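Since we're looking at a predicted model, the values are computed, not measured. Each ligand, and each atom within it, is numbered from 1 in the order the structure gives.
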Amino acid sequence: MRVIRRLNFGEGPLYRAVRLEALRESPEAFSSGYEEAVARSEQSWADQADSSAAGLNRVTFVVIGDRPVGLAALYRDEEDPNLGELVQMWVAPEVRGGSVAADLLFEVFRWAGFNGISHVKAEVVKSNTRALRFYEKFGFVASDVGAFESASSWLLIKRVDLENL
Ligand SMILES: CC(C)(COP(=O)(O)OP(=O)(O)OC[C@H]1O[C@@H](n2cnc3c(N)ncnc32)[C@H](O)[C@@H]1OP(=O)(O)O)[C@@H](O)C(=O)NCCC(=O)NCCS
């Protein structure tokens, strides 16, 4: 059995374990590095986990099967509260190509829709063709939101439509 749920208060160690695995397994996909992350204090992981465990500005979802196999977070934009940024999206290699990543994305969009976020953006490294294909498959398109400019990444965006998730 596999469960997708919001990370709870006090789950810093779980958050740390999944995020470190993601950074170790897919270093090219993320802007933070494994070495920097592994050196962080337990307290900083606890604080980050707790900051998204309740409230309307941040949420983190974990996928738990026999072991944790997925992670995704949505952070509300500080300047535009209708906009959320999808970050830390990762599923373990053994569940790729199935429904896990889609189910995780669905939960993110459901939460966004029920919490007043109308658009979700995601920054994707241009060489990450698998993630690009994944996001495009689910309706993300290239965006010119804000003054984002990067030679190495795409900024993708998707409108949140609760009736057609
Ligand atoms: C991105 C991620 C969450 C997507 O989950 P997934 O289970 O792999 O996604 P899916 O298999 O549903 O979709 C991937 C698509 O890319 C295709 N694909 C696979 N390898 C590919 C490659 N090297 N180049 C282009 N497309 C590729 C797949 O065929 C599939 O498309 P299809 O459904 O039309 O056949 C997952 O791959 C992952 O965790 N990757 C590592 C971390 C990461 O890149 N995170 C995103 C950060 S922005």
Side-chain angles (χ1 to χ4, degrees), residues 1-7 11 14-38 40 45 48-49 51-52 57-78 80 83-113 117-161 164-165:
M1 186 152 112
R2 196 178 288 131
V3 174
I4 301 179
R5 62 162 179 81
R6 188 174 191 173
L7 195 70
E11 290 193 318
L14 170 63
Y15 175 54
R16 178 182 188 275
V18 192
R19 181 68 175 141
L20 285 183
E21 185 179 350
L23 291 171
R24 187 187 46 73
E25 188 280 324
S26 296
E28 66 296 333
F30 303 107
S31 51
S32 347
Y34 176 83
E35 297 301 332
E36 179 193 329
V38 83
R40 285 174 53 186
W45 288 102
Q48 192 176 356
S51 76
S52 73
N57 290 332
R58 286 185 166 201
V59 67
T60 301
F61 288 99
V62 283
V63 187
I64 313 283
D66 295 339
R67 66 183 198 95
V69 289
L71 182 73
L74 186 72
Y75 291 176
R76 191 185 298 272
D77 191 284
E78 286 177 8
D80 179 357
L83 184 63
E85 181 168 18
L86 175 61
V87 291
Q88 304 173 19
M89 177 86 191
W90 175 82
V91 299
E94 71 265 26
V95 297
R96 286 181 196 156
S99 65
V100 176
D103 293 346
L104 188 52
L105 195 63
F106 174 87
E107 291 302 331
V108 169
F109 271 78
R110 206 158 67 104
W111 189 92
I117 290 179
S118 65
H119 289 80
V120 171
K121 65 178 178 174
E123 187 181 338
V124 186
V125 177
K126 285 181 180 170
S127 58
N128 193 352
T129 47
R130 181 168 193 140
L132 270 173
R133 170 72 198 127
F134 172 76
Y135 287 124
E136 282 170 359
K137 192 168 63 164
F138 289 100
F140 279 82
V141 292
S143 153
D144 56 0
V145 168
F148 183 86
E149 260 188 48
S150 164
S152 57
S153 301
W154 298 111
L155 185 64
L156 305 178
I157 194 158
K158 181 182 170 181
R159 190 168 75 84
V160 179
D161 177 2
N164 295 292
L165 282 179

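Distance check, rounded to the nearest 0.5 Å: CD of Glu11 to CH2 of Trp45 gives 14.5 Å.
Salt bridge present: Asp77 and Lys121 bring a charged side-chain N and a carboxylate O closer than 4.0 Å. In summary, Arg133 and Glu136 do not engage in a salt bridge, as defined by a charged side-chain N under 4.0 Å from a carboxylate O.
Heavy-atom neighbours of Glu28 CD from other residues, nucleotides or ligands within 6.0 Å: above the threshold of 12.
Using modelled atom types and a 3.5 Å distance limit, the side chains of Arg19 and Gln48 yield no donor-acceptor pair.
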For ligand 1, list every N/O pair with the protein closer than 3.5 Å, one pair per line with the distance.
{"unit_1": "ligand 1", "atom_1": "7 (O)", "unit_2": "Gly97", "atom_2": "N", "d": "2.9"}
{"unit_1": "ligand 1", "atom_1": "8 (O)", "unit_2": "Arg130", "atom_2": "NE", "d": "2.7"}
{"unit_1": "ligand 1", "atom_1": "8 (O)", "unit_2": "Arg130", "atom_2": "NH2", "d": "3.2"}
{"unit_1": "ligand 1", "atom_1": "11 (O)", "unit_2": "Gly97", "atom_2": "N", "d": "3.3"}
{"unit_1": "ligand 1", "atom_1": "11 (O)", "unit_2": "Arg130", "atom_2": "NH2", "d": "3.1"}
{"unit_1": "ligand 1", "atom_1": "12 (O)", "unit_2": "Lys137", "atom_2": "NZ", "d": "2.7"}
{"unit_1": "ligand 1", "atom_1": "13 (O)", "unit_2": "Lys137", "atom_2": "NZ", "d": "3.1"}
{"unit_1": "ligand 1", "atom_1": "24 (N)", "unit_2": "Thr129", "atom_2": "OG1", "d": "2.9"}
{"unit_1": "ligand 1", "atom_1": "33 (O)", "unit_2": "Lys137", "atom_2": "NZ", "d": "2.7"}
{"unit_1": "ligand 1", "atom_1": "34 (O)", "unit_2": "Arg133", "atom_2": "NE", "d": "3.0"}
{"unit_1": "ligand 1", "atom_1": "34 (O)", "unit_2": "Arg133", "atom_2": "NH2", "d": "2.8"}
{"unit_1": "ligand 1", "atom_1": "39 (O)", "unit_2": "Val91", "atom_2": "N", "d": "2.8"}
{"unit_1": "ligand 1", "atom_1": "39 (O)", "unit_2": "Val91", "atom_2": "O", "d": "3.3"}
{"unit_1": "ligand 1", "atom_1": "44 (O)", "unit_2": "Asn128", "atom_2": "ND2", "d": "2.7"}
{"unit_1": "ligand 1", "atom_1": "45 (N)", "unit_2": "Met89", "atom_2": "O", "d": "2.7"}

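For the ring pair (Phe, Tyr, Trp, His ring centres under 6.0 Å) test, residues two or more places apart in sequence or in another chain that qualify with Phe140 are Phe109, Tyr135.
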